[in-house]
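One structure is given below, encoded as structure tokens.
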2 protein chains.
Amino acid sequence: MAEKKVSIIDVAKKAGVSTATVSRVVNRLGGYSKETEKKVLKTVKESGFRPNVNAIGLRTNRSHCVGVIVPDITNEFFAKIVRILDIYFIKYNYSVLICDSNEDPELEKRHIQDMFDKNVDGLIYVSGMERIHSALKGSPVPIVFIDRAPKNAEVVVQSDNFQGGYLAGKKLCEAGCRKPLLLRDYRIASTIQQRRSGFMKALEAYEILCEGDYEIGISPDYVSAKGKISELLSRQGCYFDGIFTTNDMMALGAMHALAEAGYRVPEEVKLVGFDNVSLSEFCNPPMTTINQNTEQLAVLAGEALLKLIRNEEIEKKEYVVPVSLKIRNTT
Amino acid sequence: MAEKKVSIIDVAKKAGVSTATVSRVVNRLGGYSKETEKKVLKTVKESGFRPNVNAIGLRTNRSHCVGVIVPDITNEFFAKIVRILDIYFIKYNYSVLICDSNEDPELEKRHIQDMFDKNVDGLIYVSGMERIHSALKGSPVPIVFIDRAPKNAEVVVQSDNFQGGYLAGKKLCEAGCRKPLLLRDYRIASTIQQRRSGFMKALEAYEILCEGDYEIGISPDYVSAKGKISELLSRQGCYFDGIFTTNDMMALGAMHALAEAGYRVPEEVKLVGFDNVSLSEFCNPPMTTINQNTEQLAVLAGEALLKLIRNEEIEKKEYVVPVSLKIRNTT
DNA sequence: CTGAAAGCGCTAACAA
DNA sequence: TTGTTAGCGCTTTCAG
């Protein structure tokens, strides 16, 4: 079971060459004869040689490993990004270290530390904390940000949040809303800010005046949204005829609060979410939402990071990925 | 930005001791004076010394790292397990390498190889492939299996699948079903087999005879389930009055097929799923399902693996975690 | 085109 | 209680 590991020395001996030559061949560095190459490759295969990553890392200070930090792996949106990134990087022989910061700054810090300790060659940081963690500031390796980003980020890839907000607002207006409500994350991150601006822009275009409590900030989850809408309904009645939420879970919470209070969606109140997670498709009624292109988000980030790692030119500092309106039955 | 890394030699010099002493203190091996300890610890802190994990790994052949392999990280059930495992292991200063095999044997093989190459100290393998991947057979490190497991597995932790099937069958019978359908994963893994047995046992207890197409094996996803039920409905009509599916996504597919064909749930057909993912709560109508205790599943596996790694005694080879019936509106 | 050898940062056996 | 030192497996000059 536990057969002795074969080292580069074993291979060298068996092939009758030096370890340097084996190293050259294995790493395809060139500078050896066809014959030598064949001989070494054959021996490598026969002996089942696997290079010792620790030794390589120790020598080169490179790990062929990239880190990915997400705020919540149980959130489908993030899970999808992780999966695509994993598949993307494996093609280039990079492995991916996944970290769930669990929205906990302490845990996040440990994870970041841990990744640096492991000598990751680069980092992809997906959204999460309100402010970028200070542990990231003096990063020894390139970082690509997905979604949210700090001021002086090297590279950011994000959805066209403004357009998302705009499409949501437009749809609501066209569906006849005159008193739409914006239910958003209470933390005004840049992404949320942009969704808000787009939304406002649409309302303006339709000459809809927003007054009173038309904008509400809450914790961006199902329970908070449901609670808040219930509270509004019982205290102020249904003073709105449409709701745009900055993610799908909030929309779902709002929907259920509405249903419990006896308001019909979409007849009395229309609803648009954000993300297009599968819940938005399977809930009742299926929800109109803004679709984020996770695939493109992830791949662009992967490409950019790879270039950064290889010290290649990056065309842009900022990539924005189109979003689309997914019309279902809440508008 | 890129300050030179400080090594154990730097620390040793600065503290006026040998590297061996620094190593002893840092690793809390004892055998040094209180005074030395204080001096070294102080220097370590001041200089920001971080041990080089590659060097340690190279020397000791241990990584303080465990690998976790799941078949699909975008599946909430697996994502939850991953998150709990991550939190569990970080307490013991182990970091977790997460791998999404993506239900792809080739990818899975690469991931397993990769983990071994990285010298993980142990592995947790969650379900997935029909048969355990051969790359795992000669594992140099302990493996704990969650959910599914091969014949001669060292340790397995799994839900009480028999009980789950039994509870589902019982509920269906009590709700008045006389012609229940079992819609299961076409691959008869041991877990599915157990759910099936439990289900049958319940039917027996209620003296329900199963005849005709009362058991159907399909690919365990939404689309397949929806397609299969639609097909059945149009070809044979609604010859059943209840369905037990071996996961929630299949139940959801069945539910939607039923709705499209104009059958009412639960009035005409009752439904019980398995897993209790959030979709089962938020779909329409909310679904009765069998709840798996992910927390306990993950923690038991983590504990067992840690013991295995430390060469401690394991009480059991097999842990079974209770399940519960979550009654909602489809029964 | 190939080999010899230094050395990456650390641990652990041995010596003192 | 502490220090000296060999060596883990590999890459990479440098010399040939």
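For clarity, every value in this text was computed on a predicted model and none was experimentally measured. Just the heavy atoms: all of them, side chains too, but no hydrogens, waters or symmetry mates, feed the values below. First the proteins, then the strands, lettered A, B, ... as listed; each starts at 1.
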What is the distance from atom NZ of Lys118(A) to atom CG of Asn52(B), rounded to the nearest 0.5 Å?
12.5 Å

Does the side chain of Thr19(B) get closer than 4.0 angstrom to OP1 or OP2 of dT4(D) through an N or O atom?
no

Presence of Ser7(B) side-chain N/O under 4.0 Å of dG9(C) phosphate oxygens OP1/OP2
no

Measure CD/Glu35(B) against P/dT1(D) and give the value in whole Å, please.
12 Å

In whole angstrom, what separates Ile8(A)'s CD1 from dT12(D)'s P?
11 Å

When rounded to whole Å, the NZ to P distance for the pair Lys34(A) and dT2(C) reads 12 Å

The nucleotide from dT2(D), dA12(C), dG9(C) with an atom nearest the side chain of Ala20(B) is dA12(C)

Rounded to whole angstrom units, what separation is found between the CG atom of Asn119(B) and the C1' atom of dC10(C)?
15 Å

For atom CD of Glu35(B), decide whether the heavy atoms of other residues, nucleotides or ligands shown that lie under 6.0 angstrom number more than 12.
no

Looking only at side chains, do His111(B) and Asp86(A) share a donor and an acceptor under 3.5 Å apart?
yes

Distance in Å, Ile73(A) CD1 paired with Ile73(B) CD1, rounded so as to fall on 0.5 Å steps
4.5 Å

Proximity to the side chain of Thr60(B) - top-ranked nucleotide from dT11(C), dT11(D), dT4(D)
dT11(C)

Without decimals, in angstroms, what is the distance between Lys13(B) NZ and dT4(D) P?
12 Å

Can you figure out which of dG3(D), dA4(C), dG9(D) approaches the side chain of Leu58(B) most closely?
dG9(D)

Grab the CD1-P distance between Ile9(A) and dA4(C) for me, whole Å please.
12 Å

Looking at Thr21(B), I'd like to know whether one of its side-chain N or O atoms comes within less than 4.0 Å of OP1 or OP2 on dG3(D).
yes

So, OP1 or OP2 of dT11(D): does either fall under 4.0 Å of a side-chain N or O from Ser23(A)?
yes

From the list dG3(C), dG9(D), dT11(C), which nucleotide is the closest neighbour of the side chain of Val17(A)?
dG3(C)

If you look at every strand shown and take non-hydrogen atoms under 4.0 Å, does Asn27(B) touch a base, only sugar-phosphate, or nothing?
sugar-phosphate

Arg62(A) has an atom CZ; how far is it from atom P of dC8(C), in whole Å?
19 Å

Whole angstroms only, please: what is the NE2-P distance between His64(A) and dC10(D)?
16 Å

Does this structure show an ion pair linking Asp10(A) with Lys5(A), if we count only N-O contacts that are shorter than 4.0 Å?
no

From dA12(C), dT12(D), dT2(C), nucleotide with atom closest to Ser33(A) side chain:
dT2(C)

Of the candidates dC10(C), dA4(C), dG9(D), the side chain of Arg24(A) sits closest to dA4(C)

For dT2(C) and Thr36(A) - does any side-chain N or O of the residue sit under 4.0 Å from the phosphate oxygens OP1/OP2?
yes

